[in-house]
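Notes follow the structure.
Proteins get letters first, then strands, A, B, ... in listed order; numbering begins at 1 in each.
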Amino acid sequence: MKRFLSNPVLALAGLVLIVIAFMVLFGPLISQDPSKQNLMSRLQGPVWTEGGSWDHWLGTDRLGRDMGARLIVAMRMSIGVALIGTFIGAVAGTIIGFIAGHFEGLVDDVLMSIVDIQLSLPFILIALTLLAFFGNSLTLFIVLMGLYGWETYARLTRGLVMATKRQTYARAIVALGASPARLYLRHVLPNIASALIVQVTLTVPGIILLESSLSFLGMGIQTPLTSLGQILGDGREYLTTAWWISVFPGLIIFLMTLSISLIGDGLRDRLDPTLRARDA
Amino acid sequence: MSPTFILTKILRMALTLLAVVTFTFIALRLSYDPAQAMLGPDATQREMEQFRAKWHLDKSLIQQYVIYVRNLATGDFGISFRDGRPALDVIFERVPHTLQLGFVAYVFAILIGVPAGILAALKRGSLFDRLIMVFSVVGFALPNFFFGILMILVFSMMLQWLPSAGSSSWQHFIMPAAALSLTLAGILARFTRSSMLETLSKQYMRTAEAKGVSKMRRTVAHALPNAAIPVVTILGLMLGQLVAGTVVVETVFAWPGVGRLLISSVSGKDLAVVQALVLFIAFAMVLANFIVDMSYRLLDPRSRSKS
């Protein structure tokens, strides 16, 4: 922790995430009503621009809704979807990895072929196809976010399980009569947890970017719900008159993905001693 | 490279494509009733049956699947219901635009990413090295659509230097290509750097130094060719990134390519075109990966003798 704080970049990234978490958790208590329209103050600029006021210090959108309040609602959605998606993908992928690593042989071949096939296509293509065929709904959208990245967890876990179960300590535990489930959950999982956590720091920004890309394109979160990408996409029509509608959500997405990636890099350097020596 | 190795690779390629075909078939059949969708809600029972008979929808799923695969194999990807032409024709007229943009972006990314990575590794720990690493992280974290919009704001609206939409002149290429190549250049710089660092720490580099080989010659003749090998694989993996980026960036800059076609077909529910596009892109990517895999093996004598 001390070393973590001594790196100013990491400390700043951590601070950004703490501020964002605070806004997501407590923002609605202090912000205005995000759905209150006021057509008298449409497309009003932020406080420091001409025509801006402290009533809406981040400006208003095309219906005169407060941008600050809207951004908080959108952040809750974007982050919520990203966390649920990461959770589904990580749990499913890890279990599939355990299964492939435990049984090996045919089961492993079939599962790893599925992994290869998913890796051979850009995920946004798979997502767009499913959205085209099945129509957009929040449920399908969250399932899609869960499908993102499971294959990397599966691969990672499979490799680590195969390597670990051949080690003497694992064989000793089995010889003492432990069931495979006990071996994996009590002994293997704690050993591979750090690698999985580093993977999470890669998946979360990936899903945030995927969700905001799809919502930006009008294929993701639909009104009346809102997300950062969706506000950004809506703001495209008002770039000449109201740049803030697109720029603020974009900045928040950028800050979030940047901070998580930086912390992920820091964690990886710490957890992987070979990297530390070679790439300090 | 033994013939059996190439054969396994080709078999694997075919298997992947078959999986994608099966995926689109299942998705198409599960998602809607074509008879209902084409004829509308007022269609009589008789009309529906005639339609189903005409398009083999009255047969078993297995038979339908065989017919579907056979049609694809003969180049019949269905009819776009928005403009009544074969889906493949609709796609092919868009392909050149996407290839042009993708090519420019790819070259941009290589010209920026590779030299930046090499220099960063040679000057490890310097300010330049740090800047390159910052650039690489920013390149990953900055969403390409947001970068595109920022460029439109600055260069099209404030400075009025560059056009924000269309593809008719070389000026039109600058912003979309920059938006597409930013992430790629970042990945490439980072990867080239670590590959170069690893090569520089090898024993043979120390041997060369001890023999009195000049630094220039050590770098160019010993380090670069060895560091290049893993970079080539990343170039292949980057194709997927490029395709994904195209979908978004073409929409931002109203570029008349395949990516924008995909988005408009998805929102217009033009399923024949969506399906044909997915198969087309999958085929292109699988083929590209195969070529990269082969050239990787040709480049690296070690993997040649092993396989």
- Note on the structure: Closest heavy-atom pair, B/Ala19 versus A/Ile117, reported as atoms and distance to 0.1 Å, is CB-CD1, 3.3 Å
- Query: Nearest 0.5 Å, what's the CD1-OG1 distance between B/Ile152 and A/Thr240?
  - Reply: 11.0 Å
- Rounding to 0.5 Å, atoms CG (A/Leu217) and OG (B/Ser264) come to a distance of 11.5 Å
- Message: Taking the side chain as everything from C-beta on, heavy atoms only, tell me whether A/Phe254 gets closer than 4.5 Å to B/Val138.
- Response: yes
- Task: Check each atom of B/Val20 against the heavy atoms of chain A and say whether the ones under 4.5 Å are side chain, backbone, both or neither.
- Result: side chain
- Note on the structure: Highest number of heavy-atom pairs under 4.5 Å with chain A among B/Asp270, B/Leu239, B/Leu150, B/Thr251 belongs to B/Thr251
- At a heavy-atom separation under 4.5 Å, does A/Ser261 approach chain B through its side chain, its backbone, both, or neither? side chain
- Message: What I'd like to find out is whether the side chain of A/Ile253 reaches to under 4.5 Å of the side chain of B/Phe146, using heavy atoms alone.
- Response: no
- If you measure from OG1 on B/Thr246 to CD1 on A/Ile124, what distance do you get to the nearest 0.5 Å? 10.0 Å
- All heavy atoms of B/Phe145 vs all of A/Leu209, minimum pair found to be CE2-O, 4.5 Å
- Contact part of B/Leu262 toward chain A, heavy-atom cut-off under 4.5 Å: side chain, backbone, both or neither? side chain
- Closest approach of A/Asp265 and B/Arg190, non-hydrogen atoms and distance? OD2-NH2, 2.9 Å
- Under 4.5 Å from any heavy atom of chain B - which part of A/Leu258: both
- Query: Between atom OG1 of B/Thr16 and atom CD1 of A/Ile114, what is the distance when rounded to the nearest 0.5 Å?
  - Reply: 12.0 Å
- Task: Indicate yes or no: at least one non-hydrogen side-chain atom of B/Arg130 is less than 4.5 angstrom from one of A/Val9.
- Result: no
- Item | Nearest-0.5 Å distance that lies between atom CG in A/Leu125 and atom CE in B/Met285 | 8.5 Å
- Query: Under a 4.5 Å heavy-atom cut-off, does chain B meet the side chain of A/Ser259, its backbone, both or neither?
  - Reply: neither
- Query: So do B/Phe23 and A/Leu130 actually touch side chain to side chain, heavy atoms under 4.5 Å?
  - Reply: yes
- Step-by-step side chain to side chain contact (heavy atoms under 4.5 Å, CB included) determination, B/Phe140 to A/Thr257: CA-CA 8 Å; B/Phe140 171 75; A/Thr257 46; 5.6 Å; no
- Query: So with a 6.0 Å cut-off around CZ of B/Phe283, is the heavy-atom count from everything else above 12?
  - Reply: no
- Leading residue by heavy atom contact count with chain A [cutoff under 4.5 Å; candidates B/Val243, B/Val286, B/Leu242, B/Val252]: B/Val252
- Message: Need one label for B/Ile263: side chain, backbone, both or neither, based on atoms under 4.5 Å from any heavy atom in chain A.
- Response: both
- Message: To the nearest 0.5 Å, what is the distance between CD1 on B/Ile26 and CZ on A/Phe133?
- Response: 11.5 Å
- Most contacts with chain B, counted as non-hydrogen pairs under 4.5 angstrom, among A/Ile260, A/Leu251, A/Leu214: A/Leu251
- Of the backbone (N, CA, C, O) and the side chain (C-beta and beyond), which part of B/Val274 lies under 4.5 Å from a heavy atom of chain A, both, or neither? side chain
- Query: B/Arg12 versus A/Asp116: any side-chain heavy-atom pair under 4.5 Å?
  - Reply: yes
- Where A/Arg236 and B/Ile149 come nearest, the two heavy atoms and their spacing: CG-CD1, 3.4 Å
